[in-house]
Engineer: 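Quick one: structure below, then a few questions.
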Amino acid sequence: MNKIIQLDSRYGSNRLSKKKYNIEFVSANPTGPLHVGHCRGAVLGDALSNLLSFNGNNVTKEYYVNDYGEQIRSFVSSVYYRILEIIENKPFVNDKDLYPGDYIIDIAKKIVEEKNIKDFKNFNKVYEKLAKESLKFSIELIKNNLDNLGVKHDSFVYESELIKNEFVSKTIKKLQKDNYVYKGKLEPPKGELSKDWKTRDQLLF
């Protein structure tokens, strides 16, 4: 359910017709704490949301959690190798695709202490559970960062849930049915051509 943030109903509510807005902001990859660039986006998004609310609009502040794809597998792999370092004294793997930050060690320690996962011998077998636990603690870090800024989101929408429930494919079908998208080819970007550019069919608005 959308939450309404009304700063002061005495001002501005009649200047604009009331509308519903979904403001999606910050939405950094859930692979660790926020940095200064993310915080800048948090302040701008929150200010815009509050201004719209001040004018009597119904505003939902959304954080889109990009928890699907290779960056998440790299993140979970990093936690996994830190866990092996803790419980089996194995050295952390030297791999440029892994996350080396100390916060990964903290997440690994919390997962070991919780004991929700009993056996770490096979990464593929524990991947789903480990991903869920790792993301839980990573989102906690992000929420703490946002809380320190005084920024609170109304909803956290997970990409994995959209994929699981086929919302993406259903949306594409609806756009195609209503003739909002079509299959076509993009022209190469102007200026110096990249040798990697390949003309291909893709969905275009």
Side-chain angles (χ1 to χ4, degrees), residues 1-72 74-76 79 99 101-104 106-107 110 131-182 202-205:
M1 180 181 292
N2 289 344
K3 294 182 180 179
I4 300 173
I5 302 172
Q6 187 67 51
L7 295 183
D8 193 329
S9 60
R10 295 173 299 168
Y11 302 105
S13 59
N14 295 321
R15 295 178 204 160
L16 299 171
S17 59
K18 292 183 180 181
K19 296 179 181 179
K20 288 185 177 181
Y21 290 92
N22 188 82
I23 310 295
E24 181 254 314
F25 60 103
V26 184
S27 300
N29 287 340
T31 53
L34 302 180
H35 57 59
V36 173
H38 297 142
C39 295
R40 178 184 62 182
V43 171
L44 289 172
D46 198 54
L48 175 60
S49 300
N50 291 339
L51 284 169
L52 287 167
S53 295
F54 180 80
N55 280 286
N57 297 289
N58 186 335
V59 178
T60 298
K61 302 177 183 180
E62 178 186 300
Y63 191 114
Y64 181 73
V65 183
N66 183 9
D67 64 332
Y68 189 85
E70 285 303 313
Q71 86 281 354
I72 295 301
S74 294
F75 167 63
V76 177
V79 174
Y99 294 86
D102 287 346
Y103 68 92
I104 297 290
D106 295 333
I107 291 174
K110 288 177 181 178
K132 185 177 180 180
E133 292 294 309
S134 301
L135 285 164
K136 178 181 73 175
F137 290 117
S138 184
I139 291 294
E140 277 185 13
L141 284 173
I142 289 170
K143 286 183 176 179
N144 286 337
N145 292 152
L146 292 170
D147 191 55
N148 288 334
L149 276 174
V151 174
K152 293 187 183 298
H153 287 79
D154 300 311
S155 65
F156 281 72
V157 176
Y158 287 77
E159 181 182 7
S160 59
E161 288 298 313
L162 298 183
I163 300 296
K164 179 181 176 181
N165 294 313
E166 300 183 348
F167 284 129
V168 175
S169 58
K170 288 175 183 176
T171 301
I172 290 173
K173 286 179 182 177
K174 179 172 174 53
L175 290 171
Q176 288 174 321
K177 181 181 177 181
D178 295 338
N179 294 318
Y180 286 113
V181 296
Y182 66 97
Q202 53 191 305
L203 283 176
L204 304 173
F205 279 100

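Throughout, residue positions are numbered sequentially from 1 according to the sequence presented.
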Engineer: Write down the atom of S138, the atom of G32, and the distance for their closest heavy-atom approach.
Structural biologist: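 Of all heavy-atom pairs spanning S138 and G32, the closest is OG-N, 3.2 Å.
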Engineer: Supply the atom-to-atom distance L34 CG to C39 SG, rounded to the nearest 0.5 angstrom.
Structural biologist: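 So the CG of L34 and the SG of C39 are separated by 5.5 Å.
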Engineer: I need the S134 OG to K110 NZ distance, nearest 0.5 Å.
Structural biologist: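 Answer for the OG-NZ pair, S134 versus K110, is 11.5 Å.
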Engineer: Suppose we screen for side chain to side chain contact (heavy atoms under 4.5 Å, CB included). Which residues come up paired with D106, at least two apart in sequence or across chains?
Structural biologist: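 Partners of D106 by the side chain to side chain contact (heavy atoms under 4.5 Å, CB included) criterion come out as none, since no residue qualifies.
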Engineer: Just how far is it from atom CD1 of I72 to atom CG of L135, taken to the nearest 0.5 Å?
Structural biologist: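 Result: 5.0 Å between the selected atoms.
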Engineer: If you look only at pairs with a residue in residues 154-181, which of them pass as a ring pair (Phe, Tyr, Trp, His ring centres under 6.0 Å), with sequence neighbours excluded?
Structural biologist: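 As it turns out, the ring pair (Phe, Tyr, Trp, His ring centres under 6.0 Å) pairs with a partner in residues 154-181, which skip direct neighbours, are Y63-F156, H153-F156.
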Engineer: Has S155 got a side-chain atom pairing as donor or acceptor with E62's backbone, closer than 3.5 angstrom?
Structural biologist: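 No, S155 side chain to E62 backbone: no donor-acceptor pair under 3.5 Å.
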Engineer: Taking atom CG of D178 as the centre, report whether more than 12 heavy atoms of other residues, nucleotides or ligands fall under 6.0 Å from it.
Structural biologist: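 Correct, the count exceeds 12.
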Engineer: When you compare the side chains of N55 and K19, does any donor N or O come within less than 3.5 Å of an acceptor on the partner?
Structural biologist: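 Side-chain D/A pair, N55 to K19: absent.
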Engineer: Any chance you could measure I104, atom CD1, to Y99, atom OH, to the nearest 0.5 Å?
Structural biologist: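 So the CD1 of I104 and the OH of Y99 are separated by 8.0 Å.
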Engineer: Considering only NZ, NE, NH1 and NH2 on the basic side and carboxylate oxygens on the acidic side, decide whether E133 and K136 come within less than 4.0 Å.
Structural biologist: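 Looking at K136 together with E133, the answer is yes, because their closest N to O distance falls below 4.0 Å.
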Engineer: Measuring from L204:CG to Y182:OH, what's the distance to the nearest 0.5 Å?
Structural biologist: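 Answer for the CG-OH pair, L204 versus Y182, is 4.5 Å.
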Engineer: Measuring only between side-chain heavy atoms, which start at C-beta, is K143 closer than 4.5 Å to D147?
Structural biologist: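 K143 does not reach D147 side chain to side chain.
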Engineer: Side chain of N145, backbone of P33: donor and acceptor closer than 3.5 Å?
Structural biologist: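 Side chain of N145 to backbone of P33: no pair is present.
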Engineer: Could you give me the CA-CA distance, side-chain angles and deciding distance for L162 and Y64, then say whether side-chain contact (heavy atoms from CB on, under 4.5 Å) is met?
Structural biologist: CA-CA 11 Å; L162 298 183; Y64 181 73; 3.6 Å; yes
Engineer: Any side-chain hydrogen bond (donor to acceptor under 3.5 Å, both in side chains) involving residues 28-37? Give me the pairs, sequence neighbours left out, ordered by first then second residue.
Structural biologist: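 Qualifying pairs: N29-N66, H35-H38.
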Engineer: If we ignore hydrogens and angles and just use 3.5 Å, is the side chain of T60 paired with the main-chain N or O of N22 as donor and acceptor?
Structural biologist: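 No; zero donor-acceptor contacts below 3.5 Å.
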Engineer: Report yes if the side chains of F137 and V79 come closer than 4.5 Å at any heavy-atom pair, otherwise no.
Structural biologist: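 Sidechains of V79 and F137: no contact.
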Engineer: Any side-chain to backbone donor/acceptor pair from D46 onto A42? Under 3.5 Å, distance only.
Structural biologist: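 Here the side-chain-to-backbone pair does not exist.
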Engineer: Of the options V65, N165, D67, which is the one that meets S160 in a side chain to side chain contact (heavy atoms under 4.5 Å, CB included)?
Structural biologist: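 Filter result, single survivor: D67.
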Engineer: Can you tell if the side chain of F25 reaches within under 4.5 Å of the side chain of S49, non-hydrogen atoms only?
Structural biologist: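 Yes, at least one pair of side-chain atoms sits under 4.5 Å.
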Engineer: Counting only heavy atoms not in K170 (residues, nucleotides, ligands), do more than 12 fall under 6.0 Å from its NZ?
Structural biologist: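 Yes, because the 6.0 Å sphere around NZ of K170 holds more than 12 heavy atoms from other groups.
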Engineer: Roughly how far, to the nearest 0.5 Å, is the OG atom of S53 from the NZ atom of K61?
Structural biologist: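 With rounding to 0.5 Å, NZ (K61) is 6.5 Å from OG (S53).
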